[in-house]
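As structure tokens, the structure follows; a few thoughts come after it.
Just the heavy atoms: all of them, side chains too, but no hydrogens, waters or symmetry mates, feed the values below. The shown structure was predicted, so the numbers you read here are calculated from the model rather than taken from an experiment. Letters go in sequence order (proteins before strands), and every chain restarts at 1.
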Amino acid sequence: MMQSVGIYIHIPYCRTICPYCDFVRRGIPGEVPEVFIEALCREITAFEGPDRAESVFFGGGTPSLLAPSALRVVMEALRQRFQINSPEITLEANPDDVTPELADTWQDLGVNRMSLGVQSFDDDTLRYLGRRHDDAVARRACEVVRERFANWSMDLIFGAPPVESWVDTLETCRRFNPLHVSAYGLTYEDRTPFARRKDESVDDETYLRLFWQTEEVLSEFVHYEVSNLARPGYACRHNLIYWQNLEYAGFGPAAYSFLDGVRSRNLVNTDAYLRNPGAKAEALRLSDEEIRVETVIQHLRLRDGLFLEDYAQRFGRSVYADFSAETAELVERGLVEEHVGALRPTRRGFEMNNEIGLALVHPQRVSAAKR
Amino acid sequence: MSAPNERIRTFCIIAHVDHGKSTLADRILQVTGAVEERKLREQTLDTMDIERERGITIKAVAVRLHYRAENGGDYVLNLIDTPGHVDFSYEVSRSLAACEGALLLVDAAQGVEAQTLANAYKAIDQDLEIIPVINKIDLPSADVESARRQIHDLVGLNAQEAILASAKEGIGTQTILEAIIRRIPPPKGDREAPLRALIFDAVYDSYRGVIVYVRIVDGRVTKGMKVLMMFNGLRYEVDEVGVFSPEITATDILEAGEVGYVICNIKTLRSTKVGDTITDALKPAAEPLPGYEEVQPVVFCGMYPAVANDYEELRNALEKLQLNDASFQYQADKSDALGLGFRLGFLGLLHMEIIQERLEREFDLTLVTTVPNVAYQIRLKSGERLTIENASKMPPSNLIEEVAEPYIEAEIICPTEYMSGVIELCKKKRGVHVRVDYIDSKRCLAIYQMPLAEIVLDFYDRLKSCTRGYGSLEYRLIGYRPGELVKLDILLNGEAVDALSSIVHRDRAEWVGRTLASKLRTLIPRQQYEIAIQAAIGNRILVRETIKALRKNVTAKCYGGDITRKRKLLEKQKEGKKRMKQIGAVEVPQEAFMALLRVNDGAER
């Protein structure tokens, strides 16, 4: 494989904590502390691994809390350490952080793709989700971003009450016309304040109705991944790395990396990270079999699925040799179909995506490999 | 050199679980110097782990002790440990038959329990000298007078002579030993008569083969002697005789009155029948000892390996296990739903649980077990008679003239305030009232006759819960009785699942079917396709439940760190699926096969 990776930068700070979010984050009143930026730069500088990067993704937490000076320092460190050719550089932003000035600065510093955490254009829904912003703020932020960035994405959440606000949110989204939309079904994650409210979640039928409504309203978009839609050619390059199970380097607390067959995670606690940036909380060397399983599972989240040729080239063997019974079962169950040289999920395969994974994993063979 | 008969006393201890039998046995071993204190592993006589954990004794053990009495005489005491549970009542009766006396141990705080009572009656039937011992007198809640009264009223013994003891504190041990010498008669037996030795237990040892526990009633047995098992007709040459003191110790000879072991190259426990009489093959006794019975299993269940590949392993495990427990039976069986497995027969429910647990624990097997059932005697219209041990083997109802099921008589003791609940429970379980006695102001004894099938299901758990744990139960088989019994089928997507069939009383069939179907609906997880669950008698569908198809199962977000986490989660889920059985297109979890046990969880009607 060519030594080129995706870079993920985790900014673990938020002004307020969204009750449904299960990412690693903490609340702070002001800007991202300087010690964090120092630690992050130290980690980037000391990174041992590939030198070339094709994407940078600032996620969080809330990367829009980064002061322009801080972002500059981090970008500087990245450019020092990596050769970044025609990159996709994404920054996630909260609508209420977005100002024309800040957006100008982000652009100046090299950010060429914005991901705006709109979630909804309905005030009641936003309140239910515990967001800081309202509909008006979201619209203003969209204007600001749209004027400056050709390539921008909007994050939306469906399934939060009032659930029927979803169509309006989609219509509004369509009018702002971003190149990319991430539409996530609201999940009441364990270990979040929302865990206790699981009984408020919509039933499966409603969930799926809303799920398919998304691509119906955003009809010019390609529904290229379970939760992601894009205008043709504008799929998120960085996230495609995850779905194709390629290599990435994560910086910042709790960030994951997948390099040279090892999936590792940085120290999760921010204070611990600050003391020891780059230290790993866990590192797991995956067996070839595990990598193959994960690769197939991840690809089958994508509309285009897995090209048989790609698999053969990457692993030197046929996907049918490795997963003959499993693929047959999945085709039989109507979850996967064969389509011009590719295995791809059907509509049912999107709805029941975890069943695909379940059919593909091999707990027995894994434990045998460990022995 | 054997001790003369008048210097031998042979006894056992009769007690309810937790009333302190093992502690008292340990005390006796200690006082007689058989075991040094520092070597005394807590409860020496219970040797299997499961026994120790459950506080019950599965295999009887006999120990020879030496005791110098206050009268200056040296005595040999044989302590025979009896199995403590209802399932092993035949073994208990054979152990008792090997004794001249018994200590009746009653917890001063708990009083006489049903189990104690049943075994005490057995001892009285066999003319044993019974010495009542009231134990745990050191407890603040001890009520010695009430215990005395119960011993008098219930067992019919002179309770004024009861010895007060605390095995835990070592109080009364000496008095007990003296009473054993004074009150229990020495063995009679004629040492010059032809050999008659009662087999009261046997264990399998992987180095020595079968070790047979015997009480020599007449004559003597020595190494090299040719012996004959009078009931099963097998002949052996004796390799070794000896005693447990408590370590296994070879001796030259065992003579009438003595208790010990015989090893004679017996390969499997199945060749040794508890209750059989060993005699001299060259000079056989005229009559065997009385009381021999062929023990028949009364409770049956199917066991299938969760993974089909483990079938051979399960077979090996059963073979090995039967080496040291010949009282369960097994035979190969094939279920349409569960594949190749075995049908096992047990002496009772606890016996079944012990075997199951040993299979999983000692042999690391994952098993799918079906709900236990009893054997039914069927008379066909053609006049043909058959016994079925498996509901799915029941002939079509139009061919059947009569179905009979085993009945038991149950003795239940519980505090008076719970008695109405117990009576209610017995009624619900098709119990026939015999009588209810008041033991004292606080406790009652209820006697009911009821189908064993009801006991086998969940009676004991129900009893415990409706008496807050205070109820105790003892039962004995009283024979087969005809009943309005029908086969209840469960169909998944229209196909009857043999492993879910059961035989139930016609009056309750509809209710059981309804409850079972709705229970299954909660136990079988939603799957990609809709699942129809039906309960049916013959062609008549009683009820239909539907498990709606799983409409969605998708994780919204899957980025960097989620990938491996998700794979591991899926693997764990799949591991759980391994415990499920694929029946047609339906994956059925193991609990579903035990659902019948939980049918009564809901309120009836």
Hey, are the side chains of [X] and [Y] touching, using non-hydrogen atoms and a 4.5 Å cut-off?
| X | Y | value |
| --- | --- | --- |
| B:Lys557 | A:Ser227 | no |
| B:Gln573 | A:Leu358 | yes |
| B:Lys568 | A:Glu290 | no |

Under 6.0 Å from the [atom1] atom of [X], do we count more than 12 heavy atoms belonging to anything else shown?
| X | atom1 | result |
| --- | --- | --- |
| B:Lys548 | NZ | no |
| B:Glu587 | CD | yes |
| B:Lys572 | NZ | no |
| B:Arg468 | CZ | no |

Between [X] and chain B, with a heavy-atom cut-off of 4.5 Å, which part of the residue counts as in contact: side chain, backbone, both or neither?
| X | value |
| --- | --- |
| A:Arg348 | side chain |
| A:Tyr248 | side chain |
| A:Tyr8 | neither |
| A:Phe23 | side chain |

Heavy-atom contact with chain A under 4.5 Å, split by part of B:Leu550: both
Can you tell me which portion of B:Lys566 sits under 4.5 Å from chain A's heavy atoms? Options are side chain, backbone, both or neither.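 Only the side chain of B:Lys566 comes within 4.5 Å of chain A.
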Tightest non-hydrogen contact, residues A:Tyr207 and B:Ala556, listed as OH-CB, 4.2 Å
Which heavy atom in A:Ala359 sits nearest to a heavy atom in B:Lys574, and how many Å separate them? O-NZ, 3.0 Å
For chain B, which of [options] has the most heavy-atom pairs under 4.5 Å?
| options | result |
| --- | --- |
| A:Leu186, A:Leu335, A:Leu360 | A:Leu335 |
| A:Val226, A:Leu286, A:Ile356, A:Leu208 | A:Leu208 |
| A:Asn228, A:Asp203, A:Thr187, A:Asn239 | A:Asn239 |

Could you measure the distance from the [atom1] atom of [X] to the [atom2] atom of [Y]? Nearest 0.5 Å is fine.
| X | Y | atom1 | atom2 | value |
| --- | --- | --- | --- | --- |
| A:Tyr256 | B:Thr564 | OH | OG1 | 8.0 Å |
| A:Arg263 | B:Arg567 | CZ | CZ | 7.5 Å |
| A:Glu355 | B:Leu570 | CD | CG | 9.0 Å |
| A:Asn353 | B:Asn553 | CG | CG | 8.5 Å |
| A:Met352 | B:Arg551 | CE | CZ | 8.0 Å |

Taking the inter-plane angle between the rings of B:Tyr559 and A:Tyr184 on a 0 to 90° scale, is it parallel (under 30°), tilted (30 to 60°) or perpendicular (over 60°)?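 Rings of B:Tyr559 and A:Tyr184: perpendicular, over 60°.
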If you draw the axis of the six-membered ring of A:Phe211, does the NZ or CZ of B:Lys552 fall within 45° of it and under 6.0 Å from the ring centre?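 Cation-pi check for B:Lys552 and A:Phe211: fails.
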